[in-house]
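Inspection log for the structure reproduced underneath, given as structure tokens.
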Number of protein chains: 2
Amino acid sequence: MIKKKKDIRREFIIGEAAKLFKQKGYGGTSMRDLAEQVGLDAASMYHYIKSKDEILQGICFDIANTYVSQLTEIENATQSYSQKLKALVRLHIHLMTTKGPEVSVANNEWKSLSADALTEFKSLRSQYEKRLAALIEAGAEAGEFQQVNTSVALFTLLSAIRWVELWWKPDRGIATEELENSILTILFQGLERK
Amino acid sequence: MIKKKKDIRREFIIGEAAKLFKQKGYGGTSMRDLAEQVGLDAASMYHYIKSKDEILQGICFDIANTYVSQLTEIENATQSYSQKLKALVRLHIHLMTTKGPEVSVANNEWKSLSADALTEFKSLRSQYEKRLAALIEAGAEAGEFQQVNTSVALFTLLSAIRWVELWWKPDRGIATEELENSILTILFQGLERK
DNA sequence: GTCTATATCGTGATAGAC
DNA sequence: GTCTATCACGATATAGAC
């Protein structure tokens, strides 16, 4: 399938929107702000997109689908649960360093989705969390993990890496390799030295 | 100092605002929404508060000051660095379970502060992070912590507990004691069983 | 495709009666 | 102290000329 010029322009608008939404929030970004960033008049953008909400949906569901397909990949791999979980955390971190603005918006601005989209998005998240919880549960039963509450482990892992999307920049002097290794060390080995 | 009736009413309004701001975001909450929640007409609230921004400031700086004073306490205590850090994490978690909406707003809606307040808030956060980083640095030099990048450790710790403010409810079947212990186990001992 | 002009609505905040 | 009425503004989105 060939991408039409119109589609490319559309994707550019959505990408710029992600940056602004991350920076100033969805509610704090006006279509005029976005138009200026894109280099069009506000009205002209409506030739490429249907509404502001549609932009937010594009960003949120693109990221959600990426998360889900990454998890599916991990589930189907033949590794120990510990290796699976580590691999997934690496994928999450990697996504944040490559699609920072989009991930940030999907994680922080999804509340602004319109009613229908909001319901679907929440459902996707919930399914994702359940599948990940099952993975942690299985690993604990296999004796690979500490005996801690599954929900606590689930959310602590997911939450622990959330700062990356806000903080990491290519010029900050930390290579993604070192970043991933340091985080994995803390989460799986513990910060305390024995 | 005796609290006047007006002050009590004012604090009630700010408390209800925190709940709504957490739920729908600062931008997504109108003064009319808040008035309905409080049981007043929108105009009547202006007898107790000066502006919407003033409410947000009240919430954000109250929490910021609590964070700072807790850190000061920890710094002055005579404990190992490891014990200090664990105690601080416990204090953070405890604050989230007791002042969930306020902490949530301070952590997620501070971007909406007016220019002056925003500058001051950022400065407070930055000072706090520097002092906490120094504590981690010292612990690492004392050989108590793993050799990981200090910034990574700092943000991973702070971030790892952020979900509590969104998720924890008294009726969810996890006592705060168990919650704290599970999180501390993961962060300091590691999720992986040796 | 991009613009100007504008419709329509919801916002924060104020004035002033009671 | 609480209300009704309203102002001034900025928002999303559309109509229609070019």
Side-chain angles (χ1 to χ4, degrees), chain A residues 2-60 105 109-118, chain B residues 2-60 105 109-118:
Chain A
I2 298 163
K3 264 185 201 169
K4 288 168 192 160
K5 271 191 188 170
K6 186 168 172 180
D7 291 335
I8 294 175
R9 201 86 135 111
R10 181 189 150 89
E11 281 167 27
F12 176 69
I13 291 173
I14 295 178
E16 294 303 301
K19 291 184 205 166
L20 287 183
F21 292 170
K22 175 187 173 181
Q23 206 178 97
K24 315 200 289 174
Y26 178 77
T29 305
S30 73
M31 293 301 273
R32 292 173 179 85
D33 293 337
L34 178 55
E36 194 185 14
Q37 177 87 6
V38 170
L40 281 178
D41 199 276
S44 308
M45 281 193 305
Y46 285 87
H47 184 68
Y48 301 97
I49 53 99
K50 229 170 58 80
S51 68
K52 191 185 178 188
D53 180 65
E54 195 202 39
I55 297 177
L56 184 60
Q57 287 188 35
I59 297 168
C60 289
V105 170
E109 304 296 330
W110 57 270
K111 279 187 203 171
S112 300
L113 285 167
S114 59
D116 288 358
L118 184 60
Chain B
I2 298 162
K3 263 185 204 170
K4 288 167 192 163
K5 270 189 190 172
K6 186 168 171 181
D7 290 334
I8 293 175
R9 200 87 135 112
R10 180 189 149 90
E11 280 167 28
F12 176 69
I13 291 173
I14 295 179
E16 294 303 301
K19 291 184 203 165
L20 287 183
F21 291 171
K22 175 187 173 180
Q23 209 178 95
K24 315 200 287 172
Y26 177 78
T29 305
S30 72
M31 293 300 276
R32 289 167 178 84
D33 292 336
L34 178 55
E36 192 183 18
Q37 176 87 4
V38 169
L40 280 178
D41 198 277
S44 308
M45 282 193 304
Y46 285 88
H47 183 68
Y48 301 98
I49 52 98
K50 226 169 57 80
S51 69
K52 193 186 178 188
D53 180 64
E54 194 201 40
I55 297 176
L56 183 61
Q57 286 188 36
I59 297 167
C60 289
V105 170
E109 305 295 330
W110 57 269
K111 278 186 204 173
S112 300
L113 286 167
S114 60
D116 286 0
L118 184 61

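Only heavy atoms go into these numbers, but all of them, side chains included; no hydrogens, no water, no symmetry mates. Residue numbering restarts at 1 for every chain, and letters A, B, ... go by the order of the sequence lines.
Looking only at side-chain heavy atoms (C-beta outward), B:Met45 and B:Ile55 stay at 4.5 Å or farther from each other. Using a 4.5 Å heavy-atom threshold, the side chains of A:Lys3 and A:Arg10 count as separate.
Look at CG on A:Leu56: it is 13 Å from P on D:dT12, rounded to the nearest Å. Straight-line distance from the CG atom of B:Asp41 to the P atom of D:dG1: 17 Å, rounded to whole Å. Computed from coordinates, the A:Leu34 CG to D:dA11 P distance equals 12 Å when rounded to whole Å. Atom P of nucleotide C:dG10 and atom NZ of B:Lys24 are separated by 13 Å, given to the nearest angstrom. Residue B:Asp53 contributes atom CG, which lies 8 Å from atom P of C:dA13 at whole-angstrom precision. Between A:Met45 atom CE and D:dA11 atom P the separation is 12 Å, expressed in whole Å. Per the geometry, CD belonging to B:Glu36 stands 16 Å off C1' belonging to D:dC3, to the nearest Å. The interatomic distance linking B:Met31 (CE) with C:dA13 (C1') rounds to 8 Å, in whole Å.
For C:dA15, neither phosphate oxygen OP1 nor OP2 lies less than 4.0 angstrom from any side-chain nitrogen or oxygen of B:Tyr46. When the side-chain nitrogen and oxygen atoms of A:Arg32 are compared with OP1 and OP2 of D:dA13, none of them lie within a distance under 4.0 Å. Within the 4.0 Å cut-off from OP1 or OP2 of D:dC3, at least one side-chain nitrogen or oxygen of B:Ser44 is found.
Nearest nucleotide to the A:Ala43 side chain, out of D:dA13, C:dT11, C:dT4: C:dT4. The side chain of A:Tyr48 approaches C:dG1 more closely than any other nucleotide in the set D:dA13, C:dT4, C:dG1. With distances taken from any side-chain atom of B:Leu40 to the nucleotides C:dA13, D:dA13, D:dT2, the minimum falls on D:dT2.
Take the nearest nucleotide of DNA chain D for A:Asp33 and for A:Lys50: the residue whose nucleotide is more 5' is A:Asp33.
A donor atom on one side chain and an acceptor atom on the other are found under 3.5 Å apart for B:Gln57 and B:Asp53.
Not a single donor-acceptor pair under 3.5 Å links the side chain of B:Lys52 to the backbone N or O of B:Ser30. When atom types are taken as modelled, the side chain of B:Glu109 and the backbone of B:Tyr26 share a donor-acceptor pair closer than 3.5 angstrom.
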